[in-house]
Amino acid sequence: SSSTIMHDEL
Amino acid sequence: MNLFRILGDLSHLASILILIRTIKATDSIDGISFKTQALYVIIFFTRYLDLLTFQHISIYNSLMKLFFIGSSLYIVILLQRSKAIQPIAYREMIMADTFKVQYLLGGSLIMALLFNYKFSFFEILWSFSIWLESVAILPQLFMLSKSGKSKSLTIHYIFALGIYRTLYIPNWIWRYFVEGKVDKLAVISGIVQTLIYSDFFYIYYKKVIKGSNLQLP
């Protein structure tokens with residue numbers, strides 16, 4: 001869903 | 001992905017492999033903080049909950065997340081297993097591991113509630129894991145400072161972890177200039193964490209270069 005922010009770092 | 005980020009991730013990976021390999025090869029848990037390792041399990045489980053949403057960023061990203069979750073759990077199991085195999089060493093480890101982690105957990109929760117990108121379950125847990133990671137090494141450093149002796153295992157482990165944290169800073173600088181991207185929470189907590197490690201690095205430098213005894217303030 002769009003409610004989640006994408007964290008692309010580990 | 002830039003070079004700093006990849007090298008940072010690889011040194012993070014290396015730190016974990018160093019820890020597992022040494023525990024298995026030497027059959028020793030001497031000098032390891034169980035609390036720090038248990039905190040890492042909490043950190044990876046709370047941060048990588050997004051694996052459940054199936055919003056994959058990349059195969060690399062997902063595989064690394066699975067590795068960090070699996071390996072942190074494996075280390076805790078290895079340490080726990082030594083309770084039966086080496087009861088005296090296990091008891092010594094627990095006795096020396098006196099840092100009050102409830103303050104780290106409570107403090108990280110407060111920081112996560114105050115500072116997050118969104119007041120949602122996933123985002124608060126993500127922020128919690130970021131703050132907790134910034135201080136998770138403290139029980140280990142505290143243990144090292146109390147024993148006053150340097151164990152090559154823990155030194156190599158902390159050193160590789162410190163390199164990982166340090167490399168993330170040029171990674172963020174790179175991303176800011178090249179991608180125009182800033183993850184404020186990651187940067188601030190990352191700087192806190194790097195300062196904690198730099199204290200260790202300073203002591204390590206003094207010990208290695210000047211041959212003095214390892215003692216953390």
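Heavy atoms only: backbone and side chains are in, while hydrogens, waters and symmetry mates are out. In what follows, chains are A, B, ... by sequence order, proteins preceding strands, each numbered from 1.
Within the 4.5 angstrom heavy-atom criterion, no atom of B:Phe121 approaches chain A. Contact annotation for B:Phe44: neither backbone nor side-chain heavy atoms come within less than 4.5 Å of a heavy atom of chain A. Both the backbone and the side chain of B:Asn61 come within contact range of chain A, each with at least one heavy atom under 4.5 Å from a heavy atom of that chain.
Here the options are B:Phe99, B:Phe200, B:Tyr103, the test is ring-ring contact (aromatic ring centres under 6.0 Å, His included), and the partner is B:Phe142; only B:Phe99 passes. Just one residue in the list B:Leu141, B:Ile18, B:Leu19 forms a side-chain contact (heavy atoms from CB on, under 4.5 Å) with B:Ile158, and that residue is B:Leu141.
B:Leu79 approaches B:Ile32 most closely through the heavy-atom pair CD1-CG2, 4.1 Å. In terms of heavy atoms, B:Leu125 sits closest to B:Leu49 at CD1-CD1, 3.3 Å.
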